[in-house]
Q: 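Here you go, one structure.
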Amino acid sequence: MADASSVNPQNGFCSKTKVFHSLRSPAPLPPLSQPLSITDYAISFLRSDPAFSPSTTDFLIDSATGHLALILSPTSIHIPVLYFSLLSIGVTVSPVNPLSTKSELTDLVGLSNPVIAFATSSVASKLPSSFPLGTIIIDSPQFLSMLRNPHSNFSSQLVKQSDTAGILYSSGTTGRIKGVELTHRNFIAITSAAQNNRFMKDGNAPYEHPVSLFPLPLFHVFGFFMLIRAASVGETLVLMERFDFENMLKAVEKYKVTYMPVSPPLVVAMAKSDLVPKYDLSSLLLIGCGGAPLGKEVAKSFSARFPNVDVVQGYGMTETGGGVTGMNGPDECEHHGSAGRLSPNVEAKIVDPETGEALSPMQQGELWLRGPMVMKGYVRNKEASAATLDSEGWLKTGDLCYFDSDGFLYIVDRLKELIKYKAYQVAPAELERYLQAIPEVADAAVIPYPDEDAGEIPMAYIVRRPGSKINEAQIMEIIAKQVSPYKKIRKVAFINTIPKTPAGKILRRELVKHALSR
Ligand code: AYL
């Protein structure tokens with residue numbers, strides 16, 4: 001920790017240590033030795049509501065505590081209760097995209113080793129059948145009776161903050177998908193940092209009747225974090241089972257929604273769509289946008305259409321359990337291109353990727369983060385964990401960034417191998433594996449290609465085997481059958497050789513340049 005007096009009060013930069021600190025006072029955290037689940041930490045507001053009693057049967061407490069539950073379900077009103085219940089009895093929660101294919105699910109199950117699965121009847125058949133405690137169907141009487149059993153004698157004193165609370169999935173900076181291990185302490189820390197960050201343009205006044213609407217899925221870190229945050233600040237939550245833009249507008253009007261956490265394509269749609277003027281959206285006060293870059297021009301055209309709605313960006317990663325910047329002062333709404341200021345308890349460094357040297361404000365380098373919200377590591381993957389977390393606890397984000405002289409973070413580019421289709425992660429290495437398995441393909445590489453609606457789409461460069469006439473549509477169709485819809489390859493180009501380093505690493509930047517110059 002830097003000596004507080006050496007930290008610049010304007011931008012949080014400590015010139016001695018080259019570390020950036022939050023300008024806000026540290027958020028208080030409970031002593032680490034106190035047994036505490038994220039449920040008990042977050043839901044004090046809900047506990048005072050007599051209608052709410054998260055519970056599970058004693059069967060689960062005896063047999064699943066300390067183990068992992070896989071959850072495969074579209075958003076439903078049962079999901080928050082299920083997450084909070086399982087977390088309260090020390091079951092690790094691992095939510096998965098319900099659109100995943102069978103082979104993707106087999107990979108994930110192999111990674112995280114669940115003892116039980118919870119799934120809706122519409123998707124359960126995609127799961128392997130081999131869970132020791134079976135599969136519980138969420139839309140069944142059995143599940144509902146579990147939720148209605150309020151008399152569990154489990155002692156929440158048994159959950160330690162250092163226990164694993166969630167395993168979410170990310171491809172990290174390189175390679176294929178990994179299980180991100182997040183502890184109760186990680187979620188307590190990210191929640192405590194977010195608890196006091198509501199603000200309005202004219203000061204720090206909290207909203208009188210906060211209502212938030214999630215158009216985002218609850219299996220992704222953004223939704224998971226926003227759910228815990230909303231519970232912990234006592235917001236009314238409006239959830240959407242299936243995203244539909246017009247239904248979302250209707251819900252804002254009907255429930256007088258004040259706040260929406262969204263990803264960039266939704267800000268684009270709100271700024272442009274002809275449906276917007278049909279609805280009374282005057283309750284909206286704040287849009288929090290994160291997960292992928294939001295263009296400055298998009299933010300400006302949104303603000304022109306909604307002059308009374310603040311737009312702030314937040315930056316975060318699965319590996320930090322939620323957002324580590326954003327909503328840390330009213331002036332963030334005036335800095336459209338920035339991802340906001342650091343939240344309490346987060347430290348940051350900007351590191352020269354070549355020399356490893358820590359840099360000053362206005363200099364670009366890789367963003368490194370440290371704080372109690374940073375993941376424990378990638379589950380059963382020591383190599384990737386060691387490459388991402390250094391011995392001093394710094395998380396290497398793989399994002400090229402800088403801080404300006406007022407402490408605002410700017411995300412310039414991605415150094416890591418990651419495509420963001422909307423806010424979803426697509427790992428090039430995973431698609432390359434599928435492409436290389438096609439007999440007519442000699443070699444392949446996948447890169448991000450810019451797209452107005454999605455931000456980026458996965459594009460494949462293919463080297464055909466001699467004599468092969470396989471075409472763009474055939475390649476796209478073969479892959480579409482094997483992956484979740486957001487991972488589909490949406491553009492293909494043919495090339496004679498894939499450019500590589502002498503060590504065999506794909507030179508993706510060269511391919512991106514090539515794609516853009518076509
Ligand atoms: P993951 N601007 C630009 N890129 C961003 C931003 C942003 N505001 N936020 C995230 N990214 C990119 O694990 C960046 O490359 O989590 C980062 O390394 O799917 C990567 O997305 C992480 O992708 C919030 C705000 C949660 C954000 C999030 C994280 C969602 C994405 C809660 O309040």
Side-chain angles (χ1 to χ4, degrees), residues 95 97 166-174 177-182 186-187 189-191 193-195 197-198 212 214 216-230 233 259-267 286-296 298-299 311-328 332 335-343 346 348 366-369 373-375 378 388 395-402 408-428 448 455-456 486-487:
N97 187 340
I167 294 192
L168 305 183
Y169 299 91
S170 164
S171 60
T173 52
T174 179
I177 198 146
K178 298 165 191 68
V180 177
E181 203 172 343
L182 293 156
N186 293 149
F187 284 119
I190 199 84
T191 308
Q195 260 165 351
N197 66 7
R198 291 168 295 162
S212 58
F214 290 137
L216 306 158
L218 297 179
F219 61 81
H220 183 256
V221 65
F222 201 173
F224 201 91
F225 163 62
M226 285 296 167
L227 174 61
I228 298 174
R229 190 204 66 89
V233 298
Y259 168 48
M260 284 205 299
V262 302
S263 59
L266 216 98
V267 183
L286 178 65
I287 296 280
C289 181
L294 176 70
K296 203 172 174 174
V298 174
V311 191
V312 290
Q313 276 199 71
Y315 167 92
M317 294 171 78
T318 310
E319 287 83 344
T320 59
V324 293
T325 69
M327 296 212 228
N328 288 300
E332 280 185 2
H335 286 69
H336 278 334
S338 161
R341 284 190 164 123
L342 288 177
S343 296
V346 186
E366 183 179 14
L367 173 69
W368 290 16
L369 296 168
M373 64 293 293
V374 169
M375 67 163 179
Y378 295 115
T388 310
L395 169 77
K396 303 172 189 173
T397 66
D399 288 308
L400 185 70
C401 304
Y402 69 94
F408 286 94
L409 177 68
Y410 290 79
I411 322 287
V412 180
D413 198 358
R414 232 172 275 140
L415 297 164
K416 58 189 164 190
E417 287 174 15
L418 177 67
I419 300 170
K420 278 262 157 160
Y421 177 80
K422 304 194 170 162
Y424 292 112
Q425 287 197 6
V426 183
E456 290 169 356
Y486 68 93
K487 291 186 199 163

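No hydrogens, no waters, no symmetry mates; every other heavy atom, side chains included, goes into these values. Each ligand, and each atom within it, is numbered from 1 in the order the structure gives. Bear in mind the structure is a predicted one, so any value in this text is a computation, not a measurement.
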Q: List for me each residue that meets ring-ring contact (aromatic ring centres under 6.0 Å, His included) alongside Y424, sequence neighbours excluded, and say none if there are none.
A: Y486

Q: Report yes or no: does E456 contribute a side-chain atom to a donor-acceptor pair with the main-chain N or O of K420 at less than 3.5 Å?
A: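 Answer holds: yes.
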
Q: Please identify each residue that fulfils salt bridge (Lys or Arg N to Asp or Glu O under 4.0 Å) with K178, with sequence neighbours left out.
A: none

Q: What residues come within 4.0 Å of ligand 1, counting heavy atoms only?
A: H220, V221, F222, F225, M226, G291, A292, P293, Q313, G314, Y315, G316, M317, T318, G322, G323, D399, I411, R414, K416, K420, Q425

Q: Can any side-chain N or O of T325 pair as donor or acceptor with the backbone N or O of Y315 at less than 3.5 Å?
A: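 A pair under 3.5 Å: yes.
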
Q: Counting only N and O atoms by type, is there a donor-acceptor contact under 3.5 Å from the side chain of S338 to the main-chain atoms of L409?
A: yes

Q: Using salt bridge (Lys or Arg N to Asp or Glu O under 4.0 Å) as the criterion, list what pairs up with K416, not counting sequence neighbours.
A: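 Here the qualifying residues are D399.
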
